[in-house]
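Each chain gets a letter, A, B and so on, in the order the sequences are listed, and its residues count up from 1.
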Amino acid sequence: MSIKAGPALPVSGDPWRAVLDPLIPVLEQRLHDAGAATDPGWVRGELDLNEGPEWDVAIALHRPAKNSGLAPESLARTVATGFPPSTGIARVQAVGAYLNFGVDGAWLADRTLQEVVDGGDRFGHAAVQAEAACVEHTSANPTGPLHVGRIRNSIIGDTLARVLRASGHPVTTQYYVDDVGRQAAMITWIWSKPPSEWPEEIRGSIPGARWDDPNERADLHFGKPYPAVSAYLKSHPEAATEVAAITESLEVGRAPARHREIATATLDAMVASLARIGVRFDEFVWESDFLVDGSVPKVLERLGQAAHATHEPNGALAIDAATYGLPKESSKIIVARGNGTSLYVTRDLAYHLSKFARFPRVIDVLGQDHLLHARTLEALLTEMGEPRRPEFVLYQYLTAPSGGGMSTRKGTAVYLDALLDDAVGRARTEVRTRWPESPDDEVDRIATAVATGAVRYHILRVAPDKTVAFRWEDALSFEGRSGPFVQYAYVRATSLLKKAEGGGGAFPYRGAELAQPEEQALIRTIARWPRVVAYAARSAHVHAVAGYAHDLAEAFNRFYQGVPVLKAGSERSSRLALVAASRTTLGSVLDLLGVPPLDRM
RNA sequence: GGGCGUGUAGCCUAGUCUGGAUAGGGCACCGGGUUCCUAACCCGGCGGUCGGGGGUUCAAAUCCCCCCACGCCCGCCA
């Protein structure tokens with residue numbers, strides 16, 4: 001199951017609306033006159049873009065024919081015969097039980113180019129402001145470098161934020177930093193003494209490089225002993241007790257000296273990795289804040305008085321999970337330990353209350369392994385009498401090349417930085433063969449953008465609820481359905497416009513001059529963009545944007561291949577206008593995907 | 001055992017919510033294309049029991065039921 005983000009406002013500048021809106025009542029009237037009245041809204045729901053060899057818009061008439069006892073084929077013929085003129089419609093034909101409408105290509109070209117000129121970079125974006133939204137994503141514990149298994153969260157979250165912004169929502173992105181859980185406590189525990197005093201099992205297990213290299217990045221440095229510590233604690237209860245003591249000290253706001261420093265340094269390094277692929281955060285919310293400001297104790301107080309609260313023999317506070325049908329074997333949700341300290345879900349509750357106080361819409365990007373946590377959170381919100389709910393966007397993890405999850409402990413993790421380094425290296429080789437004379441920093445600039453585009457697109461092209469196995473050769477692909485493919489189309493358009501010396505870039509056009517099949521196909525693809533934005537925002541299916549990006553780039557490449565522009569005759573200006581519109585739309589698409597645009601590559 | 005998710009050509013994938021015409025792409029493979037705007041491209045070919053079975057329907061990849069396979073989750077971890 002996947003839980004989708006809610007509705008988005010309709011976007012502006014949709015050329016198809018200018019066709020469909022007036023066509024619908026006409027069609028309804030025709031059906032009525034033919035003796036096949038339809039339910040209100042039926043035509044609007046069924047009539048949609050449905051491209052065929054000779055048509056753009058189609059509707060199947062089986063249903064109204066059946067309801068009225070007519071033969072579908074004859075109904076289609078009756079309705080098609082003598083169909084009155086309608087905006088943008090050039091042809092109406094009945095094919096079997098289908099009614100097909102062909103759009104006037106010149107009209108659509110004029111309309112679409114005008115929309116792009118009017119909208120500019122905001123073509124396809126919402127014209128009105130929607131409610132403020134908070135998108136929480138990534139939120140990985142600051143206990144070591146980010147690996148690729150988690151990166152889907154960051155890229156989907158970042159892209160969703162971009163898509164929602166385009167559809168009119170002022171968006172705040174948040175990274176929820178768990179600095180008070182057991183994992184953070186483990187890091188603090190081991191680093192609270194010099195490595196020379198570490199247990200041999202931990203010190204000896206760190207392979208290769210020095211663990212005390214002061215020049216090492218903080219996430220690698222502080223995270224290095226983590227897997228060994230985790231294993232060590234399982235067989236050393238006295239050490240586990242020490243870690244528990246740290247957890248308790250965090251709970252009351254008395255963190256050990258270096259605790260925050262380590263967490264901050266580690267987080268900074270992780271965020272720096274994400275910045276390489278254009279993922280940025282508006283706010284970092286520290287879990288400890290909710291302990292310090294007293295909101296967690298308040299949550300516990302409310303839960304203690306809740307209808308299904310039970311007190312365990314050792315003093316732990318629980319809520320009866322059976323009431324909510326949660327698949328908990330214990331059928332209890334523990335919200336406070338026997339020693340009175342809070343748990344992740346309790347603190348998350350406080351966090352969500354704080355989000356509800358600020359944002360009309362609250363969206364959480366979560367790995368599907370957190371589904372039960374999401375359900376638990378909802379159950380506890382109900383228990384507290386809180387009516388509001390976050391919207392969850394769930395995704396499956398990327399698995400390791402060997403199959404199975406990526407795990408630092410098992411050594412199956414592929415780190416984000418390693419992936420990016422490889423991608424940049426490969427891209428550099430490609431760029432160098434094309435631009436042997438360019439200076440190194442220029443080659444690096446292009447290679448970095450290409451690598452970023454490849455990696456982001458590789459993640460975004462697949463629906464989030466699909467489990468995908470990470471494979472280097474796929475992630476580093478620069479051809480076919482890839483980020484660089486889209487970047488390349490943008491480069492071609494940019495280069496063309498540069499050579500055309502358009503100055504302000506405003507080229508007079510006449511839609512009637514854009515009649516080549518490649519031109520018409522490209523125009524139809526551009527015209528679809530506003531609907532793609534609206535759909536992606538409504539459904540939280542950001543992969544629809546990636547799919548569209550390929551369609552648009554492909555349509556442009558075919559046009560580029562088949563239709564001369566600079567050497568064209570009287571159509572030159574119109575074609576340049578189409579190139580400019582393509583570039584604007586491609587730029588907008590790249591922006592929403594977070595794939596960097598390039599002027600050459 | 002229960003919950004959730006996934007299953008579409010050799011490999012990857014869109015479409016499934018909201019049933020509709022010949023199931024779209026990409027990789028790989030085979031064959032073409034550059035005196036011309038960047039060949040990270042374009043054109044053609046090859047390749048499909050939409051996991052299996054039943055059902056509903058004029059019509060099923062799509063909806064319903066059963067089954068199979070794989071992944072994740074079911075902690076006083078996060």
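The 5' end of RNA chain B is approached more closely, in terms of each residue's nearest nucleotide, by A/Val565 than by the other of A/Lys66 and A/Val565. Heavy-atom nearest nucleotides on RNA chain B were determined for A/Ser342 and for A/Asp551, and the one closer to the 5' end corresponds to A/Asp551.
With respect to A/Asp474 and A/Arg461, no salt bridge is recorded, no charged nitrogen being found less than 4.0 Å from a carboxylate O. A/Arg77 has no carboxylate O lying under 4.0 Å from a charged side-chain N of A/Glu73, or vice versa, which leaves the two without a salt bridge. A salt bridge links A/Lys332 to A/Glu312: at least one charged side-chain nitrogen sits closer than 4.0 Å to a carboxylate oxygen. A salt bridge does not link A/Arg347 with A/Asp179: every distance from a Lys NZ or Arg NE/NH1/NH2 to an Asp or Glu carboxylate oxygen is 4.0 Å or more. Look at A/Arg426 and A/Glu430 and you find no salt bridge, because none of the NZ, NE, NH1 or NH2 atoms lies under 4.0 Å from a carboxylate O.
Across all strands shown, A/Tyr560 has heavy atoms under 4.0 Å from base atoms, whether or not it also approaches the sugar-phosphate. Contact annotation for A/Leu343: backbone-only contact, meaning every heavy-atom pair under 4.0 Å involves sugar-phosphate atoms and none involves a base. If you check every strand for non-hydrogen atoms under 4.0 Å, A/Asp599 touches a base. Residue contacts for A/Pro72: at a heavy-atom cut-off of 4.0 Å it reaches no nucleic acid atom on any strand shown. Heavy atoms of A/Gly338 sit under 4.0 angstrom from at least one base atom. Within the nucleic acid shown, A/Val345 has no heavy atom closer than 4.0 Å to any nucleic acid atom.
Spacing of P atoms, B/A60 relative to B/G55, comes out at 12 Å, to the nearest Å. Comparing the P positions of B/G51 and B/A61 gives an interatomic distance of 10 Å, to the nearest angstrom. Rounded to whole Å, the separation between the C1' atoms of B/C50 and B/G19 comes to 15 Å.
Nearest nucleotide to the A/Asn100 side chain, out of B/G2, B/A21, B/U38: B/A21. Among the nucleotides B/G33, B/C37, B/C73, the one closest to any side-chain atom of A/Gln561 is B/G33. When the nucleotides B/C4, B/G20, B/U38 are ranked by their closest atom to the side chain of A/Arg63, B/G20 comes out on top. When each of B/C42, B/C77, B/A40 is scored by its nearest atom to the side-chain atoms of A/Arg182, the top-ranked nucleotide is B/C77. Each of B/A21, B/C37, B/C41 was ranked by its minimum atom distance to the side chain of A/Arg492; first place goes to B/C41. Distance from the side chain of A/Lys328 is smallest to B/C74 among B/A21, B/C74, B/G20.
Judged by Watson-Crick or G-U wobble contacts below 3.5 Å, the nucleotide B/A61 has no partner. Nucleotide B/C4 is matched to B/G71 when pairs are restricted to Watson-Crick or G-U wobble geometry with both distances under 3.5 angstrom. Of all nucleotides present, none satisfies the Watson-Crick or G-U wobble test against B/A9 with each distance under 3.5 Å. With a cut-off of 3.5 Å on both pairing distances, B/C50 has no Watson-Crick or G-U wobble partner at all.
What you find for A/Asn141 and A/Met270 is that their closest heavy atoms are O-CE, 3.5 Å.
By the 6.0 Å and 45° rule, A/Arg492 stacks over the aromatic ring of A/Tyr560.
At the phosphate of B/A40, neither OP1 nor OP2 sits under 4.0 Å from any side-chain N or O atom of A/Arg426.
A straight line from CG of A/Asn314 to P of B/C76 spans 10 Å, rounded to a whole angstrom. A/Leu394 has its CG atom 11 Å from the P atom of B/U6, to the nearest Å.
Side chain of A/Asn50 to backbone of A/Ile59: no donor-acceptor contact under 3.5 angstrom is found.
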- Task: Assign a letter to each nucleotide of nucleotides 9-16 of chain B from its 5' end: B, base within under 4.0 Å of a protein heavy atom; S, sugar-phosphate only; -, no contact.
- Result: --SSSSS-
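Stacking here means ring centres nearer than 5.5 Å and ring planes tilted less than 30 degrees, and by that measure A/Tyr98 stacks onto B/A21.
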